[in-house]
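Comments concern the structure below.
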Amino acid sequence: LSSAERNHIKKIKWGLNMELGGEYYITKFICVGVASSWFRSAATFAAYDEGYSYDIKDRINLFYVGPKVVFRVAENQGWFIDLSLGYLGYHQKRTTVASRLSNKLTGGGVGGIYGFGYEINISESLGLVLKLSMTSGVLSKVNSTLYNGVKETIKFPKDQKEGLSRIDLTIGIRFQK
């Protein structure tokens, strides 16, 4: 990889992450629920090919949805661990900026979110959450759509599957009854 491509990869790793979920306590210390998250990142880099220079813009979206289980150490606030296994989807749009031609890659499969955090009660119905989590999954194939509408499915060899892992540091608000 060129230094521009390596810098591009570093930039594309940073982005915006949003999570939304719901939980129901089955005991004072165990909840079941639904987890969902959405991650978006974008970056542009200068590419050179056969004497030509052009900018390429990548936009990547990862989305996740699945059931989850939360284990709490204390009843109202304190440490917790959450585990979720569900669907992890991938969408990438790569555009050549000058010509506005774009290619799309989409795929998805089994993924998981594993995290631990700490909740501080602000009031009886509001809590501040600090959480460190990892989202992980693997793509074994992607669907490609070229700028001219040509579609194909690209299957990765067993030893070259695409990893979709990231680490999130979350600061959030929890609404509770």
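Since this is a predicted model, take the numbers as computed values, not measurements. Values reported hereafter were calculated over all heavy atoms of this structure, with side chains retained and with hydrogens, waters and symmetry mates removed.
Looking only at distances, a side-chain donor or acceptor of N103 sits under 3.5 Å from a matching main-chain atom of Y147. Checked by atom type and distance alone, the side chain of S41 pairs as donor or acceptor with a backbone atom of W14 at under 3.5 Å.
Ring geometry, Y118 versus W79: the interplanar angle exceeds 60°, so the pair is classed perpendicular (tilted spans 30 to 60°).
In the hydrophobic clustering of this structure, F39 does not group with V65; members are Ile, Leu, Val, Met, Phe, Trp, Tyr whose side-chain heavy atoms approach within less than 4.5 Å, directly or through other members. Residues M134 and V138 are members of separate hydrophobic clusters, defined by side-chain heavy-atom contacts under 4.5 angstrom among Ile, Leu, Val, Met, Phe, Trp and Tyr. Linking Ile, Leu, Val, Met, Phe, Trp and Tyr whenever their side-chain heavy atoms come within less than 4.5 Å puts I120 and V73 in one cluster. Residues Y90 and V110 fall into different hydrophobic clusters, defined by Ile, Leu, Val, Met, Phe, Trp and Tyr side chains chained together at heavy-atom separations under 4.5 Å. Note on V70: it does not cluster hydrophobically with Y24, by side-chain heavy-atom contacts below 4.5 Å among ILVMFWY residues.
Sparse packing is recorded around CD1 of I81, with 12 or fewer heavy atoms of other residues, nucleotides or ligands lying under 6.0 Å away. In the displayed structure, I26 atom CD1 is contacted under 6.0 Å by more than 12 heavy atoms of other residues, nucleotides or ligands.
With a 4.5 Å cut-off on side-chain heavy atoms, N7 and F45 do not count as touching. When side chains are defined from C-beta on, Y25 counts as touching C31, because their heavy atoms get closer than 4.5 Å.
To the nearest 0.5 Å, atoms CG (N143) and OG1 (T153) are separated by 4.0 Å. If you take CG on D82 and OH on Y114, they are separated by 11.5 Å, rounding to the nearest 0.5 Å. The NE2 atom of H8 lies 11.0 Å from the NZ atom of K57; values are rounded to the nearest 0.5 Å. Here the CD-OG distance, from Q92 to S144, works out to 10.0 Å after rounding to the nearest 0.5 Å. Taking CG of L128 as the start and CD of Q77 as the end, the distance is 10.5 Å to the nearest 0.5 Å. The CG atom of L88 sits 5.5 Å away from atom CG of L164, with the distance rounded to the nearest 0.5 Å.
Taking all atoms of both residues into account, the shortest heavy-atom contact from I30 to T27 is N-OG1, 3.0 Å. Between K11 and T44, the closest heavy-atom pair is NZ-O, 4.1 Å. Pairing each heavy atom of F156 with each of K141, the nearest pair is CD1-N, 3.9 Å. Between S102 and T95, the shortest heavy-atom contact is CB-OG1, 3.5 Å.
For the pairing with E19, the salt bridge (Lys or Arg N to Asp or Glu O under 4.0 Å) check across R174, K68, K131 returns one residue only, K131. Of the candidates N17, L62, L16, L16 is the only one forming a side-chain contact (heavy atoms from CB on, under 4.5 Å) with W38. If you run side-chain contact (heavy atoms from CB on, under 4.5 Å) between R94 and each of L105, I56, I60, only I56 comes through.
Looking only at atom types and distance, the side chain of Y64 has a donor-acceptor partner in the side chain of S84 under 3.5 Å away.
By the 4.0 Å N-to-carboxylate-O rule, R166 lies close enough to D168 to be salt-bridged with it.
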